[in-house]
Q: 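Take this structure, written in structure tokens, and hold onto it; I'll ask about it next.
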Number of protein chains: 2
Amino acid sequence: MSSSRGQGKHAGLSREQVLQAAVALIDAEGVGALSMRRLARELGVEAMTLYHHVQNKGALEDAVVEYILTESRREPVHAATWQEALTEYALDFHRGLLAHPGAAILVASRPGLTERNLSDLEHLLQILTEAGFSPPTALAIVHATAASVLGQHLSVSDEHRESPAPAAGAGPLVNSALEPGLPDADALLKFTLKALMAGYESLL
Amino acid sequence: MSSSRGQGKHAGLSREQVLQAAVALIDAEGVGALSMRRLARELGVEAMTLYHHVQNKGALEDAVVEYILTESRREPVHAATWQEALTEYALDFHRGLLAHPGAAILVASRPGLTERNLSDLEHLLQILTEAGFSPPTALAIVHATAASVLGQHLSVSDEHRESPAPAAGAGPLVNSALEPGLPDADALLKFTLKALMAGYESLL
DNA sequence: ACCTGAACACCGTTCAAGT
DNA sequence: ACCTGAACACCGTTCAAGT
């Protein structure tokens, strides 16, 4: 606001504030609006100041992804079966992406998806191996599940934009499929998860 | 090369050449290297020249996505069942993404995924509705299938980068899961598709 | 330790101009 | 019709300098 504080007068800027501002910017205007200079302006600070809290733009993006995933992660308590544990994991992921639709593409372009919280992953692998899957198979299962969740969000958000004008050059079946409105993301995901779990079970 | 042709001397540049050069650039150096100015340099032409063949950068990206998907699309001939037809569709998509791994993030960030070729989609919906699915359910099925394929590619390409150093802070199960090497993308996808088909069948 | 400001090598895109 | 060149408003990032 008041555009000079002078050098050395620190703004009391914390890494936490930087990340929250980045997420807010993405939510409000999309990933395209996230730049070091723009984010700095949003925080009332010079662009170079951000490099004191974050190594570079890539690290900022990684941190945003981690922030969102951590934020959406619930306590993994009540999981009686491996199916429930895996479904819970997927729904946590889903909730995070739903809360910040513009960030899905960031999650897709940065690693850390598969790691997520490495301890969470380890925990899931433990449950799956105890259920009888080999470690590589267990990892493949977690991987495929997360990929399905992520993929769903990427294409769902695409469709949202086109929902006003679906009938471009589409045939009659496409149009009648879109008539009741866009498919419910929650219902679609739950169905996909159920299908996947059934397929995984057949491996045992 | 010889850095002046003079104005008006056309380079004989076609839209097709522009798209091929864009794909080649992405394959060689990743999406990050794709810029109007860089692509022009690659073609021995001034940046503004490209605007004669493509409306803007977004349209270029859309065209690249369409190019890749069309290139990988095979004739949808031998599909005896809806499961086969859907699996073929998914494998075509998969092949396109495998051929141009760097472009997966472009496919994810641009619409056209769900449309793909709108006539292809219409054709698939016809097969699925004839099999007994309602049009909205059929669309949801196609959507979820494509999302699973795309998601798999986004996270698989992530893991490739980390394969030299998997043991950062990972637990014993993560490490033993990675020991036999990275999961085979083809095998993983085929398993995922089988699981999904089984789930879809249960809807009928 | 924390922040600034100028500078460098990039972007996408518009617009007027050349042939 | 096709291409160029200067210009505008942006980028990420380095580096030396302020307090």
Side-chain angles (χ1 to χ4, degrees), chain A residues 1-23 25-26 28-65 102-103 105-106 109-111, chain B residues 1-23 25-26 28-65 102-103 105-106 109-111:
Chain A
M1 281 279 134
S2 64
S3 61
S4 66
R5 169 176 41 257
Q7 298 178 159
K9 261 75 178 176
H10 59 227
L13 199 58
S14 71
R15 184 183 158 93
E16 188 71 8
Q17 285 172 62
V18 171
L19 293 183
Q20 281 174 359
V23 172
L25 188 52
I26 291 171
E29 307 186 33
V31 255
L34 181 66
S35 75
M36 299 300 274
R37 293 171 117 117
R38 174 67 195 280
L39 179 58
R41 206 191 316 147
E42 219 70 30
L43 287 161
V45 107
E46 223 57 29
M48 298 314 112
T49 300
L50 297 179
Y51 285 82
H52 210 264
H53 299 91
V54 120
Q55 212 175 22
N56 51 35
K57 203 197 174 185
L60 171 67
E61 292 174 341
D62 286 342
V64 166
V65 170
I105 191 67
L106 257 193
S109 46
R110 292 264 139 201
Chain B
M1 281 275 135
S2 64
S3 62
S4 65
R5 169 177 40 257
Q7 298 178 158
K9 261 76 178 175
H10 58 227
L13 198 59
S14 71
R15 184 182 157 95
E16 188 72 9
Q17 286 172 60
V18 171
L19 294 184
Q20 281 175 359
V23 172
L25 187 54
I26 291 171
E29 306 187 32
V31 255
L34 181 66
S35 75
M36 299 300 275
R37 293 170 116 117
R38 174 67 196 280
L39 179 57
R41 207 191 315 147
E42 219 71 30
L43 287 162
V45 107
E46 222 56 30
M48 297 315 112
T49 300
L50 298 178
Y51 286 82
H52 209 265
H53 299 90
V54 120
Q55 211 176 23
N56 51 36
K57 202 196 176 187
L60 171 67
E61 292 174 341
D62 286 341
V64 166
V65 170
I105 191 67
L106 257 193
S109 46
R110 292 264 139 200

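These numbers were taken from a predicted model, which means no experiment stands behind them. So that the names make sense, note that chain A is the first sequence line, chain B the second, and so on, each numbered from 1.
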Q: Rounded to whole angstroms, how far apart are CG on L13(B) and P on dC2(D)?
A: 10 Å
Q: Specify the closest pair of heavy atoms between A22(A) and L60(A), including all atoms of both residues, with the distance to one decimal.
A: CB-CD1, 4.3 Å
Q: Evaluate the side-chain proximity of L50(A) to L43(A): yes if any heavy-atom separation is below 4.5 Å, no if none is.
A: yes
Q: Measure the spacing between CG of L106(B) and CD1 of I26(B) and express it to the nearest 0.5 Å.
A: 5.0 Å
Q: Mind listing the residues from residues 29-38 of chain B sitting with a heavy atom below 4.0 Å of DNA chain C? Number order is fine.
A: S35(B), M36(B), R37(B), R38(B)
Q: Expected output is a numbered-order residue list: members of residues 53-63 of chain B with a heavy atom under 4.0 Å from any atom of DNA chain D. What is it?
A: H53(B)
Q: Nearest heavy-atom pair of I105(A) and S109(B): which atoms, and what distance?
A: CD1-CB, 3.5 Å
Q: Pairs counted only when both distances fall under 3.5 Å, Watson-Crick or G-U: show me the 5' to 3' dot-bracket for DNA chain C, [ ] for pseudoknotted crossings and | for other-strand partners.
A: ||.|||||...|||||.||
Q: Which residue pairs pass the side-chain hydrogen bond (donor to acceptor under 3.5 Å, both in side chains) test with at least one member in residues 50-62 of chain B, sequence neighbours excluded?
A: E61(B)-R110(B), D62(B)-R110(B)
Q: For a quick test of your reading: what N or O donor-acceptor pairs under 3.5 Å do the side chains of residues 28-37 of chain A make, sequence neighbours left out?
A:
| from | atom 1 | to | atom 2 | distance (Å) |
| --- | --- | --- | --- | --- |
| E29(A) | OE1 | R38(A) | NH1 | 3.3 |
| E29(A) | OE2 | R38(A) | NH2 | 2.7 |
| S35(A) | OG | R38(A) | N | 3.0 |

Q: Would you check if V18(B) and R15(B) make a side-chain contact, meaning some heavy-atom pair closer than 4.5 Å?
A: no
Q: Is any side-chain heavy atom of V64(B) closer than 4.5 Å to one of V23(B)?
A: yes
Q: Please report the closest heavy-atom contact between A47(B) and A40(B), naming both atoms and the distance.
A: CA-CB, 3.4 Å
Q: Tell me which nucleotide among dT14(C), dA1(C), dA1(D) gets nearest to the side chain of H52(A).
A: dA1(C)
Q: Whole Å only: how far is the CZ atom of R41(A) from the P atom of dG12(D)?
A: 11 Å
Q: According to a strict under-4.0 Å criterion, is Y51(A) in side-chain N/O contact with OP1 or OP2 of dT13(D)?
A: yes
